[in-house]
2 protein chains.
Amino acid sequence: MTRITIKDVAREAKVSVGSVSKVLNGLPVSVRLKQKVDAAIGQLGYEPNRLAQSMRRRSTGAIGCLVPDISNPLYWAVVKKVDDRLQRDGYMLLLASSSDNGRTEVDIVAEFKRRRVDGLIIAPGRETDAHLIKSLEQFGAPTVILGRSLSKTFSSVHVDYRSGVEVATKYLLDLGHRRIALLAPLAGPGHARVEGFRAAYAQAGLDPPEDLVPPRTMSLDAEHDVRRLLDSADAPTALIVLGTRILAGALKTMRDRNLDTPRDLSIISIGDPEWAAVHNPPITTLRWDVEEVARLVAELFLSQLKKKSKHEPQQVFVSTDLVLRGSCATPVRRAEK
Amino acid sequence: MTRITIKDVAREAKVSVGSVSKVLNGLPVSVRLKQKVDAAIGQLGYEPNRLAQSMRRRSTGAIGCLVPDISNPLYWAVVKKVDDRLQRDGYMLLLASSSDNGRTEVDIVAEFKRRRVDGLIIAPGRETDAHLIKSLEQFGAPTVILGRSLSKTFSSVHVDYRSGVEVATKYLLDLGHRRIALLAPLAGPGHARVEGFRAAYAQAGLDPPEDLVPPRTMSLDAEHDVRRLLDSADAPTALIVLGTRILAGALKTMRDRNLDTPRDLSIISIGDPEWAAVHNPPITTLRWDVEEVARLVAELFLSQLKKKSKHEPQQVFVSTDLVLRGSCATPVRRAEK
DNA sequence: ATGAAAGCGCTAACAT
DNA sequence: ATGTTAGCGCTTTCAT
């Protein structure tokens, strides 16, 4: 551990600590002074202590980043991108995940505060959390919320599931499907997806199959849910599934049952795992640009960081694309099977 | 931003700052004192400033964590697990990925030093890097290396690819394959895999097909490589592929070529992406326990952190399992096809 | 242009 | 048992 301080440098260069500090911070000094100080720094291998700097400057150059327990590739893609972007500006990420360690999001935000982070990037686990909102608001640092509508007082970036699912549902409806099941957890922004689902039915002048929409089902065991669904008397002819796990569960179940996609069941995946295009048949997917989400988070964040005046919070939505591949077809009536 | 300091608390409670500090740190004090201080703290909503604490205590409770690519499932699984474990002990992760931001690993480690992290968890991009090693050694803080044999002076956790690939190769050899291609990047611990590959051939009294082993090929474009390989006159009858990307490339190419797995080509994947079991046919995989890797990293790290005396560095290897699924079969002679 | 000195908020001796 | 005080390493007035 380096024990060399600015004092040592000052002594070595035979100047005052104040002068060394000036050189360090690029303030105007004489050429001679700068030379002496630089020489001493090189000589001693001095590295400034960021703790001490942070203390005086009242800024740590650290950003608190909180992601939930869900093992969602989206979060990591965003973390990576944000990290890349912020490192460029000299910031570092203090990362914490809110799972499996018995600490709540509020606890972690409190810890971020104690560590005097310069800002916060938060992907909350739940849609609304008064305690968390209050905690964030009274902190008052630049904050971006990812994926939830916590409160309009913060900037946030969302995927526009509502219209995405609407498009996907309409596509299936147009193909002739009527009994479409939406398999997504109720929690979180699930309601947006359900809204899109209902909207598509409404627009087609149809009633959505209430028994196939959450919150009907969805335990943690996706495979089990899918199995029950497919085995029921009035089984759906198409599935819209959220996320890798449920998709995998559905696909596995179908293989076990020797059901064919898309002949026996059409499938649309919400989210585009790498392998959706590899699978046989390739899975039709509602995808969005992870890179763009990440870019927006980083931009929104940096813009707040740079304005001195409170910037107006913005809610940004990232649109989705329905990527047509081979997992959807006109439904075959059960009797014909 | 909280502007309340220990002084304010002392004044409010009408005690000295020293006494407040004692209460904060759980040192023995009278019940009455503690009550007064706690009351004042609650009253004021005081939160200790960790920067100031760190400065005096000479310990930040922050751990520097450096990975080449946080969005890689292996790394983020480890990071998440390590984070869970370390949060329990009051630590936080300072995370940095060394890609796409123009900063070298040495730069980032230097930044970690300046920020006075209490320890380092590093997944180096390359097998050996004298500069990095020196930088880590002179830091002298608890350090765990993930996935590379940087230097025996640090503790490290590895996946035992050598024997894993040997087992996988032997399995294919026993099935009757002779022209097996090992598709893995040369860089990094690739040599261990190649060693395993050669060892299996040697043990069977056979010569490995030199033209099918890296460093023969492997550009960044896996699909292209696979295509060239399959189109060549003396194409392999089996593939051992490293990682999601290459596997996906291989599978896609095969679908395009209308080749069947395992009839036309057997495939073993090194690493077990979630979908390997979902794919049709399910992919035989050389897998290891990511959780265990993470657990070992955390344990190795904490044990160093807790010993005052330098602990002897340990090299831990995590063994692999060959999970037999449906992607391998006895080779069919080309002519018969 | 440079130096001296006062803190930043806290902990840890040392006094009392 | 509690209070006083000297720093931790740095930045930033304020003098010179």
Side-chain angles (χ1 to χ4, degrees), chain A residues 1-41 44-62 90 110-118, chain B residues 1-41 44-62 90 110-118:
Chain A
M1 322 255 185
T2 318
R3 300 222 129 292
I4 301 151
T5 77
I6 198 172
K7 259 185 183 161
D8 302 314
V9 177
R11 191 179 317 118
E12 173 79 17
K14 297 188 205 311
V15 299
S16 74
V17 287
S19 296
V20 177
S21 175
K22 270 157 200 145
V23 173
L24 248 35
N25 294 288
L27 298 179
V29 293
S30 74
V31 180
R32 251 186 66 65
L33 211 204
K34 179 162 167 46
Q35 282 176 341
K36 284 197 290 184
V37 171
D38 284 342
I41 288 175
L44 268 41
Y46 166 72
E47 296 268 16
N49 180 334
R50 289 218 52 161
L51 286 175
Q53 291 184 323
S54 300
M55 191 135 167
R56 288 278 351 202
R57 305 214 261 236
R58 327 209 65 98
S59 147
T60 53
E111 177 68 18
F112 282 149
K113 287 186 190 178
R114 270 175 244 126
R115 289 180 184 271
R116 298 297 189 265
V117 296
D118 290 346
Chain B
M1 320 255 184
T2 318
R3 300 220 129 292
I4 301 151
T5 77
I6 199 172
K7 259 185 183 159
D8 301 314
V9 176
R11 192 179 315 118
E12 173 78 18
K14 299 189 204 314
V15 298
S16 74
V17 288
S19 296
V20 178
S21 176
K22 269 159 202 145
V23 173
L24 249 35
N25 294 288
L27 298 179
V29 293
S30 75
V31 181
R32 250 184 68 63
L33 210 204
K34 181 164 166 46
Q35 282 175 342
K36 286 198 288 184
V37 171
D38 284 341
I41 288 176
L44 268 40
Y46 166 72
E47 295 269 16
N49 181 334
R50 289 218 51 159
L51 287 176
Q53 291 183 321
S54 300
M55 191 129 168
R56 287 279 352 203
R57 304 212 260 237
R58 325 206 66 93
S59 147
T60 53
E111 179 68 17
F112 282 150
K113 287 187 191 178
R114 268 174 245 127
R115 288 180 185 271
R116 298 295 189 265
V117 296
D118 290 346

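The sequence lines fix the lettering, A, B, ..., with proteins before strands; numbering per chain opens at 1.
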(request) Assign Pro48(A) to base, sugar-phosphate, or nothing according to its heavy-atom contacts below 4.0 angstrom with the strands shown. (result) sugar-phosphate
(request) Give a yes/no answer on whether the side chain of Ser19(B) brings an N or O atom under 4.0 Å of OP1 or OP2 in dG3(D). (result) yes
(request) Figure out the NZ/P separation between Lys36(A) and dG3(C), and round it to whole Å. (result) 7 Å
(message) Please report the distance, rounded to the nearest Å, between CZ in Arg11(A) and P in dT2(C).
(response) 20 Å
(message) What's the separation between atom CZ in Arg3(A) and atom CG in Asp8(A), rounded to the nearest 0.5 Å?
(response) 10.5 Å
(request) Can you tell me the distance, in whole Å, between the NZ atom of Lys113(B) and the C1' atom of dG9(D)? (result) 18 Å
(message) Counting only side-chain heavy atoms from C-beta out, which of dG9(D), dG3(C), dG3(D) sits nearest to Arg58(B)?
(response) dG9(D)
(request) Report the end-to-end axis angle of the helix from dA1(C)-dT16(D) to dT16(C)-dA1(D); each axis comes from five terminal pairs, and the value is rounded to 10°. (result) 40°
(message) Please report the distance, rounded to the nearest Å, between CG in Asn25(B) and C1' in dA13(C).
(response) 14 Å
(request) Check whether any side-chain N or O of Arg116(A) sits under 3.5 Å from a backbone N or O of Met55(A) as a donor-acceptor pair, and report yes or no. (result) no
(message) Looking at every non-hydrogen atom in both residues, tell me the closest pair between Arg115(A) and Thr60(A) and how far apart they are.
(response) O-CG2, 3.7 Å
(message) With a cut-off of less than 4.0 Å, is there a side-chain N or O of Ser16(B) near OP1 or OP2 of dG3(D)?
(response) yes
(request) Measure from the side chain of Val29(B), starting at C-beta and using heavy atoms only, and say which of dT11(C), dT12(D), dT2(D) lies closest. (result) dT2(D)
(request) Give the rounded distance in Å between these two atoms: CZ of Arg50(A) and P of dC8(C). (result) 21 Å
(request) Map Lys22(B) and Met55(B) onto DNA chain C by nearest heavy atom, then report which one ends up closer to the 5' terminus. (result) Met55(B)
(message) Rounding to an integer number of Å, can you tell me how far Arg3(A) CZ sits from dG9(D) P?
(response) 7 Å
(message) Please pick, from dT2(D), dT12(D), dC10(C), the nucleotide with the shortest atom-to-atom distance to any side-chain atom of Ala52(B).
(response) dC10(C)
(request) When you get a sec, tell me which of dG9(C), dC8(D), dT4(D) is the closest nucleotide to the side chain of Val17(B)? (result) dT4(D)
(message) I need the Leu51(A) CG to Arg114(B) CZ distance, nearest 0.5 Å.
(response) 12.5 Å
(message) Tell me the interatomic distance from Asn49(A), atom CG, to dT11(D), atom P, rounded to whole angstroms.
(response) 10 Å
(request) Take atom CZ of Arg56(A) and atom C1' of dA5(C), then tell me their distance rounded to the nearest Å. (result) 11 Å
